[in-house]
Amino acid sequence: MPERPPVLGRVTRSARTTPGRLSAAAVGLVLLTLLTGVFAALAVQDKRDTLDDLVQHREPLAAAAQQIFRSLSDADATAASAFLSGGVEPEGLRSRYEFDLLQAGAALGKASSDVGDDALAADQVSVLSQQLPVYSGLVETARSNNRQGFPAGAAYLREASGLMRSKLLPAAEKLYQINYGRLDGEQESAKEVPWVSVVLVVALLATLVLTQRYLTRKTNRLLNIGLVTATLAVALALIWSAVALFVLSTHVGDAERNGAQQVDVLVQARINSLKCRADETLTLVARGDGPGYEKEWAQLAATFTGDGQGNLLARAKDLAANDDLAGEVQLAVQNADEWVAAHRKIRELDDGGQYEEAVKVAIGDAPDSAASAFAKLDKNLIAALDAGRAEFFTQTTKAGNALTGLVLGIAVLAVVAAAGITVGIRERLREYR
């Protein structure tokens, strides 16, 4: 008996026949369909996970990092204000200072939970953890000396503020920038087109069309119901995915512009306003030896009261998603103008030798005092920040809703397409038996 030909030889001869070609096409199309479905479903699920992470993890961490800076800077300004009160500081200022330190510690704990392998972020957390107790110790020493009327209290307070400005605040600001950079990166990732899935879908559709043209030439039948069904299923998956990703990209873009970017601008404005408040009080603490504080005050104040693109509040108003948010920012603009007027009065009094009166305008509770104007400014900035964060959450949630059911839909349509291919080509193969 002659030897049986090798398997490879049988396959090669089979591939030269029409039934063999059809069988090979069926296997190839089914595999390509399932591969396309898996890649597409994974790509959609990855975007869904990214959006969930933005809402549940990334944005709250960026907010926590911002809260560290805000609490530390406010603690510095509050400590200086309490010092200006002389003797035993008011209970309200003391409570506010202690609450700021508690908030900073809690926010630091939250922000440090996601340091991971980021050495730069770990360095900032280390600086904050190590130097915060040193700062609070210096403030307590300054407070003790001030209660006893010792002039060394002012020196200790300035040393504490110097530590805050040279190490703590830069570390807090850098940590915020790191977290905001991660937030921005994930938003960009959510908007990216899944090109591998797009190429696979286009290749699958093209292969289905070519296969049907081949069958039309071989069988003189215009349509193959199974392959038409498969083509429609793939086309439906493509259209559904394209629409969903377009809606997702639109909402993520809105969340980025009207949410994250606006919050970032407002955060920078608030950071500068807090620095200005500390500068304002420390200039008085220095008693004529604080031109550096006043110079910095003027430079920073220009970022939320000046003209042009450098005005952070003007930029925030342009980014406002609605009239309510724009109204909050406009109130902040008015508060900033009131504060500048109060600060001008402080400098006139202090430079004119009326130190006690200057202190009253700086830390008093009169409606036209600097403390009142700053409090109103900070309150409206917080309201605007909360509104910006709410817009971020709203738009990002809508982006996630655009993907509802898409992963399951892609899986079902891939199975339908694979079944259509199998049935359609099997019917043609039966004709050759």
Decide, yes or no, whether a salt bridge links Asp279 with Lys295 under the criterion of side-chain N to carboxylate O below 4.0 Å.
->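 So Asp279 does not pair with Lys295 through a salt bridge.
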Electrostatic pair Glu140:Arg143 at N-O distance under 4.0 angstrom | yes
Working to the nearest 0.5 Å, report the span between [atom1] of [X] and [atom2] of [Y].
X	Y	atom1	atom2	value
Gln124	Leu120	CD	CG	5.0 Å
Leu232	Leu227	CG	CG	11.0 Å
Leu274	Leu377	CG	CG	9.0 Å
Phe304	Asn272	CZ	CG	7.0 Å
Ser81	Ile363	OG	CD1	6.0 Å
Ile421	Thr211	CD1	OG1	8.0 Å

So, the side chain of Ser249 versus the backbone of Leu245: is there a donor-acceptor pair under 3.5 Å, distance only?
-> no
Side chain Lys110, main chain Ala64, donor-acceptor under 3.5 Å | no
Kindly state each residue pair satisfying ring pair (Phe, Tyr, Trp, His ring centres under 6.0 Å) with at least one member in residues 357-379, sequence neighbours excluded.
-> Trp339-Phe374
Sort out for me which residue in Leu210, Val234, Leu200 forms a side chain to side chain contact (heavy atoms under 4.5 Å, CB included) with Leu205.
->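 Only match with Leu205 under side chain to side chain contact (heavy atoms under 4.5 Å, CB included): Val234.
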Contacts of type salt bridge (charged side-chain N to carboxylate O under 4.0 Å, His left out), residue Asp184, not counting sequence neighbours = none
Using the test salt bridge (charged side-chain N to carboxylate O under 4.0 Å, His left out), find all partners of Arg58 that sit at least two apart in sequence or belong to another chain.
->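 By the salt bridge (charged side-chain N to carboxylate O under 4.0 Å, His left out) rule, Arg58 matches Asp114, Glu186.
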Between Ala399 and Val252 the two heavy atoms that sit nearest each other are CB-CG2, 3.7 Å
Side-chain heavy-atom pair Leu168, Phe69 within 4.5 angstrom cut-off | no
Show every donor-acceptor pair shorter than 3.5 Å between a side-chain atom in residues 340-349 and any protein atom, with sequence neighbours excluded, or say none if there are none.
{"from": "His343", "atom 1": "ND1", "to": "Glu280", "atom 2": "OE2", "distance (Å)": "2.7"}
{"from": "His343", "atom 1": "NE2", "to": "Glu294", "atom 2": "OE1", "distance (Å)": "3.1"}
{"from": "His343", "atom 1": "NE2", "to": "Glu294", "atom 2": "OE2", "distance (Å)": "3.0"}
{"from": "Arg347", "atom 1": "NH1", "to": "Asp350", "atom 2": "OD2", "distance (Å)": "3.3"}
{"from": "Arg347", "atom 1": "NH2", "to": "Asp350", "atom 2": "OD2", "distance (Å)": "2.7"}
{"from": "Arg347", "atom 1": "NH2", "to": "Asp351", "atom 2": "OD1", "distance (Å)": "3.3"}

Take Arg277 and Asp76 through the salt bridge (charged side-chain N to carboxylate O under 4.0 Å, His left out) test and state the conclusion after the steps.
-> CA-CA 9 Å; Arg277 180 56 179 163; Asp76 195 37; over 6 Å; no
Crowded around Tyr180 OH? As in, over 12 foreign heavy atoms under 6.0 Å?
->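 Enclosed: over 12 neighbouring heavy atoms sit under 6.0 Å from OH of Tyr180.
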Applying salt bridge (charged side-chain N to carboxylate O under 4.0 Å, His left out), which residue pairs with at least one partner in residues 377-390 are found, sequence neighbours left out?
-> Glu59-Arg389, Arg70-Asp378, Arg270-Asp378
So salt bridge (charged side-chain N to carboxylate O under 4.0 Å, His left out) across residues 187-215, not counting sequence neighbours, yields Glu188-Lys191, Lys191-Glu256
Residues Lys174, Asp123; criterion salt bridge (charged side-chain N to carboxylate O under 4.0 Å, His left out); working and verdict | CA-CA 10 Å; Lys174 186 62 180 178; Asp123 287 344; over 6 Å; no
